[in-house]
Amino acid sequence: MTFSKTADAIKRADINYHMHGNTSIANHSLSGPNIIKSASGMRIKDIYGNEYLDSIAGLWCMTLGYGREEIGEVAKESISSLGYTHTFAGNTCESTALLAEELVNLFNSNVDNSHISKVFFGHSGSDANDTNIKLMKLYNNLRGKFSKKKIIAREGGYHGVTTMATALTGIPAYHSAFDAPIDEIVRISAPSYYRFHKEGETEVEYTDRLINELEDVIEREGADNIGAFIAEPVMGTGGMFVPPKGYFGRVQEVLKENDIILIVDEVVTGFGRTGEMFGSKTFGIAPDMVTLAKGLTSAYAPLSASLVSKKIWSVLESSSDRYGPIMHGFTYGGHPVSTAIASKAIEILKREDLVNNAKTVGNYLLERVKEATYEYPYVGEVRGIGAMLGVEYVARKANRTFFKKGVGPHKAVADECLKHGLISRALPFVDVTNMAPPLIINKEDADECVMRFSKALESVKPTLDEMYRKSY
Ligand SMILES: Cc1ncc(COP(=O)(O)O)c(C=O)c1O
């Protein structure tokens, strides 16, 4: 379909009628939308013909790169031969049933000691997290553990914006306006050695402190009141927090001792982002439930998946006669077009060996960004894994003094990057800009990202100097 409206007409329609997510209404009515017209690989074009290098793959999701005709063909075939079926009362279709089988096998064959048994389909990372929390509650109700429902979630964690996912999210800016039900949540610290260690504390001592905190929190609340712990393998939106060595191994020991299930939110880390098929493999995690979205379809269609382990499933299954149907499901969950696209996306990911590419080119990009920022006075740390990295800004590098809250050096950098044709993102919890490119990125693309990023850092330096002067 071609649209023939002028840029001005689109802009007017958007300002007058479109309510955007994560956008200031006041700013939008003044500056208007970015109108994206077309895209290919990791480059996108706006309606005025400006080209941008998309170093964040949309919202960490466009893993296979833009403009895959093969995926368009699969969508067309699925729409013209079926178009829709739901999954209530045992309905299914070929693409949905086969994708469920594929996901169970893919997870279990990639992640050591995992015991995933079933897949429930939704459409977003947020709803899949809600599903996992509901299933945890059902699991504990069926076991007669009626009070075991609170959820341990980490500061800075991002789990989405439905009501429950908002509460799970550990970024206060998401809570206050919406009265998120945070009384169901027990909040603990995020794991990032650089950001949160105390002066003189080694990484091992820092990890000990995190584990002690977890044990204390469980003792304080009572293990009988805590049903789950939810965690992203690498905290993306929170600030690109890569956990310290041994963290997840020790967390899992504590959870097992206290009969608390582990929900791993792989919405960002799933399907290659960390340089392994799943972040659970990278960090030696054997989850009880998993949340998948984004890379599942490479963002070509909305689809999420909640993976349920044998431990949970066996309780649900054995109580089924007495309990009746599971009264949870979405009209569009397991939509045939989305599930057909997901199977094709996984086929391409494997065929083009993109998980390895994420590891090798991702690491190259990380090293190049480190080199390029080594002497820059306001870059405190560049960290990452696979094809995801974050640059953290500090006011004083020597003693790790952060900019005053609200100053926003990372926002100034991200805005400047745009002027140099690079899309990066200022994250909402700490002063970090991130890159998480499509996994198809090659070394030339990586060099180009670094070149544009370096130019942006150079031209934004007077602004950061001014921010520093205002802060100190
Ligand atoms: C780790 C994580 N979980 C959940 C979500 C929510 O996914 P969605 O925006 O599809 O609801 C996101 C989105 O960025 C995410 O990064």
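These values consider heavy atoms only, across backbone and side chains, with no hydrogens, waters or symmetry-generated copies. Atoms within a ligand are numbered from 1 in the order they appear, just like the ligands themselves.
For Ser124, heavy-atom contacts with ligand 1 shorter than 4.0 Å involve the backbone as well as the side chain. The backbone of His159, and not its side chain, has at least one atom closer than 4.0 Å to an atom of ligand 1 (non-hydrogen atoms only; backbone = N, CA, C, O).
Residues Met136 and Lys149 share a closest heavy-atom pair of CE-O, 3.2 Å. Of all the heavy atoms in Phe278 and Gly270, the pair that sits closest is CD2-CA, 3.9 Å.
With hydrogens left out, the protein atom closest to atom 1 (C) of ligand 1 is Tyr158 O, 3.2 Å, a heavy atom. If you check which protein heavy atom lies closest to atom 16 (O) of ligand 1, you get Val268 CG2, 3.2 Å. Summary of contacts: the protein heavy atom closest to atom 9 (O) of ligand 1 is Ser126 OG, 4.3 Å.
More than 12 heavy-atom neighbours from other residues, nucleotides or ligands sit within 6.0 angstrom of CG on Asn91.
Atoms of ligand 1 found under 4.0 Å from any heavy atom of Asp265 (numbered from 1 in listed order, with element): 1 (C), 2 (C), 3 (N), 4 (C). Of all atoms in ligand 1, listed by their number and element, those nearer than 4.0 Å to a heavy atom of Glu232 are 1 (C). Residue-ligand proximity, Gly125 to ligand 1, at heavy-atom distances under 4.0 Å covers atoms 6 (C), 7 (O), 8 (P), 10 (O), 11 (O).
In this structure, Phe330 and His328 have perpendicular ring planes: the angle between them is above 60°, well past the 30° mark.
Taking only nitrogen or oxygen atoms, main chain and side chain alike, Asp127 does not reach within less than 3.5 Å of ligand 1.
In this structure, Arg383 fails the cation-pi test against Tyr193, since its NZ or CZ atom is not both closer than 6.0 Å to the six-membered ring centre and inside 45 degrees of the ring normal.
Residue contacts with ligand 1 include Lys294, since one of its heavy atoms falls under 4.0 Å from the ligand. Residue contacts with ligand 1 leave out Leu59, since none of its heavy atoms falls under 4.0 Å from the ligand.
Judged by distance alone, the side chains of Ser38 and Tyr66 never bring a donor and an acceptor atom under 3.5 Å apart.
A 4.5 Å side-chain heavy-atom check between Cys93 and Leu82 finds at least one atom pair inside the cut-off.
Distance alone, capped at 3.5 Å, is enough to place a donor-acceptor pair between the Arg154 side chain and the Glu232 backbone.
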